[in-house]
Amino acid sequence: MNERDLRGLIAAVAAGRLSRRVFVRRLVGLGLTAPFAHLLLADAGLAQTPGAGAYKPKKAGGGGALKTLFWQGATLLNPHFAVGTKDQEGSRIFYEPLAAWDAEGILVPILATKIPGREDGDVAADGRSVIWRLKPGVTWHDGRPFTADDVVFNWEYAADPATAATTIGSYKDVKVEKIDPLTVSVEFARPTPFWADPFVGARGMIIPKHLFEAWKGGNSREAPTNLKPVGTGPYRFVDFKPGDIVRGERNPSYHEANRPHFDTIEMKGGGDAVSAARAVIQTGEYDYAWNLQVEDEILRKLEQSGGARGRVAIVEGGSIEHIQLNATDPWSEVDGERSSAQTTHPLLRDPAVRQALGMLVDRASVQKFIYGRTGVATANFLNNPKRFSSKNTSWELNLDKANQVLEAAGWKRGSDGIRAKDGKQLKFVFQTSINAPRQKTQAIVKQACQKAGIAMELKSITASVYFSSDVANPDTYKKFNADLQMYNTTMGSPDPQTFMRQFVSWEIAAKANKWQGANVTRWHSEAYDAAFRASESELDQAKRALLFIAMNDMAVTSEAVIPVVYRPAVSGLAKNLRANLSGWDNAFADLKDWYREA
């Protein structure tokens with residue numbers, strides 16, 4: 001299909017001669033992805049809007065309390081400081097972006113009047129700028145108007161290195177200008193195919209200028225509003241106990257008619273994923289349970305038990321449960337910093353050790369006996385959309401080969417059975433959060449490593465500590481004070497640009513950036529950096545996909561990470577709760593439209 005044919009199909013959709021569904025199917029048949037097909041239509045000014053009748057309530061309020069369970073509780077409520085999904089979700093109750101990603105990877109407007117497109121000139125033909133038009137009449141929870149000044153401020157705030165925002169990667173290379181009170185322009189330094197990053201989705205939530213302007217830069221962490229949010233969202237702040245509970249009440253001035261349905265919302269943190277699943281599916285004590293990282297056998301039993309009050313919802317996305325190998329030395333300090341980028345790991349610097357570890361992860365057993373339908377064994381870090389999934393990689397469980405590789409590299413077994421070389425034994429600390437599937441995965445890896453002469457000390461950390469935003473906490477995953485660690489990372493959008501930023505050298509988590517950098521492994525490669533920079537400005541989508549595949553292959557074949565299972569988003573919902581969940585955005589991305597059927 002050439003450009004003329006493609007334009008003809010888009011024109012047919014605009015004229016009503018061709019349905020959106022058929023258009024998407026044709027492009028998927030040519031090897032493209034559904035989200036990309038939807039973005040082509042959006043560029044042509046044909047952005048899809050939620051179907052009429054999707055939301056049934058005829059008035060705001062009256063739904064009572066919405067009770068949600070998060071076995072990782074939010075630790076702060078400033079989206080620019082969110083460490084992990086739980087902080088994003090807590091913030092999303094109160095704050096909103098200009099647009100969000102729905103379950104099909106379609107961009108939908110939230111604080112914008114519409115999605116920018118090339119046909120109307122809001123997305124520049126050269127890919128160097130995009131114009132956002134803001135919704136009129138939107139107010140902050142304190143009654144102040146939401147304007148372009150707030151949008152510009154968020155760019156200044158997040159892009160300032162002194163702020164040490166976790167979102168800095170989405171803002172530092174752009175320039176944002178106010179055109180008028182309800183219009184902003186985002187200008188890119190180079191042609192940018194993925195323009196829907198700043199102000200969009202989980203990294204795009206907007207905070208109020210009038211409450212944060214005095215708390216920019218170095219003192220940004222001291223802002224009172226970090227813990228008492230004032231947003232534009234469907235619920236207003238009531239109470240927050242870090243790591244425990246977030247409470248909100250219906251925003252009577254919300255900018256969408258008849259929303260929200262619920263009078264109050266509670267986001268309860270702590271506990272574990274199994275008890276959360278039971279509280280929704282079995283007892284009905286709660287309406288929603290987030291991230292049910294529970295053995296599939298348990299989930300099936302809960303669903304099939306007599307009188308089940310809830311159900312399991314599985315939504316496609318791009319999340320990956322993986323093991324990270326620390327490229328730096330976690331056992332020495334440089335200027336008071338462990339795992340400093342100025343060091344290299346004394347054992348994992350050896351490619352033979354990394355290669356052997358990759359062959360000692362029994363992904364098939366992890367899928368079969370732990371995750372089932374909720375986790376698919378994979379050799380790729382980037383798995384979805386399928387257009388970006390590499391066919392160049394493979395995985396194997398091969399104890400004999402792992403032993404041979406180590407032996408050939410000079411790692412000899414001692415009297416205790418542990419391999420050593422140059423006086424250094426192959427002993428590792430392998431950490432993750434406390435969660436039954438993760439502890440069972442750790443045990444599977446440890447058992448295989450023992451057979452290869454590798455000693456593995458397992459460390460399990462309470463989730464609220466492991467995923468904490470406290471920069472003084474030594475046990476966070478971003479500090480990475482261990483040799484190996486495991487967790488799940490979410491994709492956040494159907495475009496891999498932000499997701500694959502996790503391996504670029506300028507995002508290495510360090511003391512200098514308060515450990516907010518996205519590159520937790522500290523691994524870096526000039527070839528990877530070059531491929532990533534090329535992807536940022538490559539407008540040919542086929543060539544761009546190949547760049548992401550190459551990046552995936554570099555990270556995986558170097559064993560910077562060992563992918564374990566691709567994980568769709570798994571949640572528990574009360575049978576009468578209607579919630580549009582997206583695997584490409586936060587669970588609360590469409591919270592305004594959640595309702596309970598009578």
Side-chain angles (χ1 to χ4, degrees), residues 66-97 100 110-111 139-142 144 146 150 153-154 157-158 163-168 170 199 201-216 219-251 254 260 262 264-270 288 290-291 463-473 476 478 490 492 514 516 585-589 591-592:
L66 174 63
K67 298 180 68 179
T68 70
L69 266 177
F70 285 68
W71 53 275
Q72 295 172 22
T75 55
L76 50 70
L77 299 176
N78 181 333
H80 291 295
F81 294 148
V83 176
T85 310
K86 88 296 189 203
D87 294 332
Q88 293 175 351
E89 299 289 2
S91 299
R92 201 66 173 263
I93 296 172
F94 311 107
Y95 293 117
E96 298 176 301
I110 304 295
L111 290 176
T139 59
W140 296 100
H141 293 156
D142 61 4
R144 296 279 292 269
F146 164 71
D150 295 300
F153 169 76
N154 275 256
Y157 180 91
T163 302
T166 57
T167 55
I168 187 173
S170 298
F199 310 114
R203 299 172 67 83
M205 287 177 266
I206 298 173
I207 61 176
K209 175 181 178 180
H210 65 282
L211 293 177
F212 282 93
E213 189 173 23
W215 304 92
K216 291 169 60 178
N219 68 342
S220 57
R221 297 271 168 173
E222 309 304 319
T225 321
N226 287 340
L227 301 177
K228 295 181 179 180
V230 175
T232 59
Y235 296 94
R236 300 186 303 195
F237 175 77
V238 172
D239 186 31
F240 176 44
K241 293 181 176 61
D244 180 20
I245 198 164
V246 182
R247 290 191 179 95
E249 63 182 4
R250 181 175 68 86
N251 175 11
Y254 190 58
F262 294 100
T264 61
I265 183 172
E266 174 184 306
M267 177 183 173
K268 176 63 178 173
Y288 171 81
W290 164 83
N291 187 20
S464 60
V465 174
Y466 189 55
F467 296 107
S468 171
S469 58
D470 181 3
V471 297
N473 180 352
T476 65
K478 289 232 173 177
T490 56
K514 296 184 174 69
Q516 301 305 300
D585 207 326
N586 295 132
F588 284 162
L591 184 61
K592 62 185 176 61

Are side-chain heavy atoms of [X] and [Y] found at a separation under 4.5 Å?
X: Pro234; Y: Glu96; value: yes
X: Gln72; Y: Trp290; value: yes
X: Pro229; Y: Phe240; value: no
X: Leu66; Y: Leu591; value: yes
X: Asn78; Y: Ile207; value: yes
X: Thr167; Y: Gln516; value: no

Partner of Phe212 under side-chain contact (heavy atoms from CB on, under 4.5 Å), picked from Asn226, Asn154, Thr163, is Asn226
Looking at [X] and [Y], what are the two nearest heavy atoms and their distance?
X: Gly90; Y: Met267; result: CA-SD, 3.6 Å
X: Phe199; Y: Pro97; result: O-CB, 3.5 Å
X: Pro208; Y: Phe153; result: O-CE2, 4.3 Å
X: Ala463; Y: Trp71; result: CB-CZ3, 4.1 Å
X: Ile206; Y: Phe146; result: CG2-CE1, 4.1 Å
X: Ser91; Y: Leu76; result: OG-O, 4.3 Å

Name the orientation class of the two ring planes belonging to Tyr288 and Phe70 (parallel below 30°, tilted from 30 to 60°, perpendicular beyond 60°). tilted
Give the intermediate values and the outcome of side-chain contact (heavy atoms from CB on, under 4.5 Å) for residues Lys268 and Asp244. CA-CA 6 Å; Lys268 176 63 178 173; Asp244 180 20; 2.5 Å; yes
As an exercise, state the distance from [atom1] of [X] to [atom2] of [Y], rounded to the nearest 0.5 Å.
X: Leu211; Y: Asp142; atom1: CG; atom2: CG; value: 5.5 Å
X: Lys228; Y: Asp239; atom1: NZ; atom2: CG; value: 9.0 Å
X: Arg221; Y: Phe81; atom1: CZ; atom2: CZ; value: 4.5 Å
X: Ile265; Y: Phe94; atom1: CD1; atom2: CZ; value: 7.5 Å
X: Leu77; Y: Phe237; atom1: CG; atom2: CZ; value: 6.5 Å
X: Asn251; Y: Ile93; atom1: CG; atom2: CD1; value: 13.5 Å

Decide whether Thr75 and Ser469 meet the rule of one side-chain donor and one side-chain acceptor closer than 3.5 Å. yes
Does one side chain, of Asp150 or Trp140, offer a donor that lies under 3.5 Å from an acceptor on the other?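 A donor-acceptor contact under 3.5 Å links the two side chains.
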Pro79 backbone acceptor or donor facing Arg92 side chain under 3.5 Å: no
Exam field: side chain Thr68 to backbone Glu266, donor-acceptor pair closer than 3.5 Å: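 Pair found, side chain donor or acceptor close to backbone of Glu266.
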Qualifying residues under salt bridge (Lys or Arg N to Asp or Glu O under 4.0 Å), relative to Arg250, sequence neighbours excluded: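 In terms of salt bridge (Lys or Arg N to Asp or Glu O under 4.0 Å), with neighbours along the sequence ignored, Arg250 is linked to no residue.
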Step-by-step side-chain contact (heavy atoms from CB on, under 4.5 Å) determination, Thr264 to Val238: CA-CA 9 Å; Thr264 61; Val238 172; over 6 Å; no
